[in-house]
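Remarks on the structure that follows.
Here is how names work: the chains are called A, B, and so on, in the same order as the sequence lines, proteins then strands, and each is numbered from 1. Basis for what follows: all heavy atoms, side chains included, without hydrogens, waters or symmetry-related copies.
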2 protein chains.
Amino acid sequence: MLSSENTGVPARTVERLVLYRRLLNGLTEQGVEFIHSHEIAEKANNSAAQVRRDLMAIGYTGNPARGYAVNDLVRSINGLFEQKRDQKAALVGIGKLGRAILGYFALRQARPRIVAAFDSDPAKGQGEFAGCPCYPVDALTSVIARDGITVGILTVPADFAQPVTDLMLVAGVRGILNFAPTPLKTPAWAVVDNVDIATKLEKVAFFC
Amino acid sequence: MLSSENTGVPARTVERLVLYRRLLNGLTEQGVEFIHSHEIAEKANNSAAQVRRDLMAIGYTGNPARGYAVNDLVRSINGLFEQKRDQKAALVGIGKLGRAILGYFALRQARPRIVAAFDSDPAKGQGEFAGCPCYPVDALTSVIARDGITVGILTVPADFAQPVTDLMLVAGVRGILNFAPTPLKTPAWAVVDNVDIATKLEKVAFFC
DNA sequence: GTCTGATTGTGAAATGATTCACAATGTGAA
DNA sequence: TTCACATTGTGAATCATTTCACAATCAGAC
């Protein structure tokens, strides 16, 4: 589950690289051309050593005196995602959470692009939300295959999570971001990441 | 950040225990009295050894021949959270995501209970959503102090995340579940968990 | 009552992630 | 040009998490 068979870059590092890129974006416009590992660390709430290790993972190399060239570094991080740049995602389950996520991604033009949404309620499963075309779940297999969608976002009630997952994987999806509070049974090649909000909240409360 | 100063139970283990409890709930009604580590592992998508280690962490001990007594085990996991059972949470940022979370928790009566919501828009910041009273952010400090709220849920735009965090921590909040795509500066004693949906989606796409 | 066999509890090993610590390096100052 | 200095890149150490593997244990069969 979420192995790095891909490039050898560990999952944690990928997450932090995405963060670094966000922190660096727009810095050049503010006249910042170079930045040191400890400055990135300060922004990212982690250690300078951690930052250097992460950049090492993508083979990016800075300059002992100047630090890292902001623009170049951002390009370098983008390079890591270049290959997967045009992946498409589909969201299943147009409840409140589903709509919130659709809205967020439409607004930000974030990647991967969400190009289809599905719902079992025929009333919701047509038309569009946040500029994203919606279909009834019956159309799931054909639309995913037709559009070459490879990433699925699951915002369905727990009971539907597994059947929808099975459908998606058959149709061509290889990775799933699962918001349903259920572990998913998937073949080993599938990439799954679970975001269980209730559990996370309980965890935070526990450690207070 | 999210250390286990508390009880010595590591954060990962706490998350899995919450999951086990959910998987076990209602099993007794189905006539299942005992369950083996490998059966729990099967449901939870992990290994039997992992399950046994996790139960070891809370000092729960099974029976080599029967396995674990379902009811008793659930009680034991509940025991871990007993002390924190009546913690209260507040949500700040009544956007789409905020409302989705409010709705979800109200419905499930999940813990910690969300007892207040805040928004900077005065129009939203009064009345209630999903049975949860809403206030303008001006009232944040006083309401949090008044109600003894210790957990904060941040669903505000990135720019507001830090100032709202500062307010909450001063008012008495000790733990924050942060959905804003920004690292938060907090004192060491504060517990913070970040849920960055855009990053997670990009990560899944990357490993596909 | 004894024996059998599957399962638990847990040291020890393996794996993975982070931090340490320092030689190598490039820059700007003298 | 040379020097001094802060920073990089990175082996090695540390710390955390998971898996291995096996003695100890319990229930049920005989």
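Note on R111(B) versus D86(B): salt bridge recorded, some NZ/NE/NH1/NH2 to OD/OE distance being below 4.0 Å. Ionic pairing of E202(B) and R21(A) is present here: one or more N-O contacts between side-chain nitrogen and carboxylate oxygen are shorter than 4.0 angstrom.
Between F81(A) and F206(B), the two ring planes are perpendicular [angle over 60°; tilted spans 30° to 60°].
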Table of protein N/O atoms under 3.5 Å from nucleotides 15-19 of chain C N/O atoms:
from: dA17(C); atom 1: O3'; to: R12(A); atom 2: NH1; distance (Å): 3.4
from: dT18(C); atom 1: OP1; to: R16(A); atom 2: NH1; distance (Å): 3.1
from: dT18(C); atom 1: OP2; to: R16(A); atom 2: NH1; distance (Å): 3.4
from: dT18(C); atom 1: OP2; to: R16(A); atom 2: NH2; distance (Å): 3.0
from: dT18(C); atom 1: OP2; to: Q50(A); atom 2: NE2; distance (Å): 3.4
from: dT19(C); atom 1: OP2; to: S47(A); atom 2: OG; distance (Å): 3.1
from: dT19(C); atom 1: O4; to: R53(A); atom 2: NE; distance (Å): 3.0
from: dT19(C); atom 1: O4; to: R53(A); atom 2: NH2; distance (Å): 3.2

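Contacts between residues 61-73 of chain B and DNA chain C, counted as heavy-atom distances below 4.0 Å, involve T61(B), G62(B), N63(B), P64(B), G67(B), Y68(B).
Look at CG on L55(B): it is 11 Å from C1' on dT8(C), rounded to the nearest Å. A straight line from CD of E39(B) to P of dA6(C) spans 15 Å, rounded to a whole angstrom. Remark: C1' of dC20(C) and CE of M56(A) are 14 Å apart, rounded to the nearest angstrom. For E15(B) and dT18(D), the CD to C1' distance is 16 Å, given to the nearest whole Å. Atom CZ of R52(B) and atom C1' of dC22(D) are 11 Å apart (whole Å). The interatomic distance linking H38(A) (NE2) with dG9(D) (P) rounds to 14 Å, in whole Å. If you measure from atom CD1 of I58(B) to atom P of dT10(C), you get 13 Å, rounded to the nearest angstrom.
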Q | Test log, rule salt bridge (Lys or Arg N to Asp or Glu O under 4.0 Å), inputs K88(B) and D147(B) | A | CA-CA 8 Å; K88(B) 295 171 196 155; D147(B) 292 355; over 6 Å; no
Q: Tell me, with the steps shown, if M168(B) and I144(B) meet side-chain contact (heavy atoms from CB on, under 4.5 Å).
A: CA-CA 8 Å; M168(B) 290 203 294; I144(B) 283 181; 4.0 Å; yes
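Here the closest heavy-atom approach between residue I153(A) and residue A89(A) is recorded as CD1-CB, 4.5 Å. Residues I149(A) and V143(A) share a closest heavy-atom pair of CD1-O, 4.4 Å.
Contact between the side-chain N/O atoms of H36(A) and the OP1/OP2 oxygens of dT8(D) is found at a separation under 4.0 Å.
One N or O on the side chain of D119(A) and one on the backbone of I94(A) form a donor-acceptor pair closer than 3.5 Å.
Side-chain polar atoms of E82(A) and N78(A) form no donor-acceptor pair below 3.5 angstrom.
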